[in-house]
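So that the names make sense, note that chain A is the first sequence line, chain B the second, and so on, each numbered from 1.
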Amino acid sequence: MAKQYWLFKAEPEDYSIELFRKDKKTYWDGVRNYQARNFLRDSVKKGDEVFIYQSNTDPLAVVALAEVVKEGYPDFTAMDPDNSHFDPKSTPENPIWFMVDIKLTKVLKTPVLLSELKKNPKLKEFKLIQRGNRLSVMPVTATEWNEILAMSEK
DNA sequence: GCCAACGTTGGC
DNA sequence: GCCAACGTTGGC
């Protein structure tokens, strides 16, 4: 299958890029939205590339690139009562929530700001900038991927 | 199965 | 802090 591209959102309070820089590799836990879950469980494949986007912070921007190193498997934080993402409905026999593992490929020298993405006419269709979008895992087309990368290298 | 109420997300 | 958008819940 051809390589696919994704965008993962993170709030720096939850998981910052500084921490990712230290970890190098991490499990992407805490996704509690069914549409995003379906992507993680069914569509995100090993070798796919991922934009890491920081939300609810300043600046709002795509800040790093990552690569999927392990495909969807049950999110164990949903089964840990002490975890803030605990969901009693998810059990080892019947897990509801899924995660993938990613490794850091590159921290962008110049983050691509949300405000810049919105200004780019080529990215009019990009899901992230659509009004009301709340998905924390979303597909990115190859065209969008390349365009956004190019914006970072200026 | 409908839909109002409620909670959360996330930009501003 | 506000609020629009949208997902989820629960009464009927």
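Protein atom CD of A:Gln35 is 15 Å distant from nucleotide atom P of B:dT9, rounded to whole Å. Between the CG atom of A:Asn33 and the P atom of B:dG10 there is a distance of 9 Å, given to the nearest Å. If you measure from atom CH2 of A:Trp97 to atom P of C:dG7, you get 13 Å, rounded to the nearest angstrom. Atom-to-atom, CG of A:Leu128 to C1' of B:dG11 comes out at 11 Å; the value is rounded to the nearest Å. The nearest whole Å value for the distance from the CZ atom in A:Arg131 to the P atom in C:dC6 is 8 Å. For A:Leu114 and B:dG11, the CG to C1' distance is 8 Å, given to the nearest whole Å. The CZ-P distance, from A:Arg37 to C:dT8, rounds to 10 Å in whole Å. Rounding to whole angstrom units, CD of residue A:Gln130 and P of B:dG10 are separated by 15 Å.
You'll find the ring centres of A:Phe76 and A:Tyr27 inside the 6.0 Å limit.
Contact annotation: A:Tyr53 reaches the phosphate of B:dG11 (side-chain N/O to OP1 or OP2, under 4.0 Å). One finds no side-chain N or O of A:Lys9 lying less than 4.0 angstrom from the OP1 or OP2 phosphate oxygen of B:dG11.
Exactly one residue among A:Ile52, A:Val50, A:Asp75, A:Val44 makes a side chain to side chain contact (heavy atoms under 4.5 Å, CB included) with A:Trp28. That residue is A:Ile52.
Between B:dG10, C:dC6, B:dC12, one nucleotide has an atom nearer to the side chain of A:Arg134 than all others, and that is C:dC6. Nearest nucleotide to the side chain of A:Lys89, out of C:dT9, C:dT8, B:dT9: C:dT9. For A:Leu60, the listed nucleotide lying nearest its side chain is B:dC12; candidates were C:dT8, C:dC6, B:dC12.
Using a 4.5 Å heavy-atom threshold, the side chains of A:Leu128 and A:Met138 count as touching.
Environment of OH in A:Tyr15: crowded, with over 12 heavy atoms of neighbouring residues, nucleotides or ligands closer than 6.0 Å.
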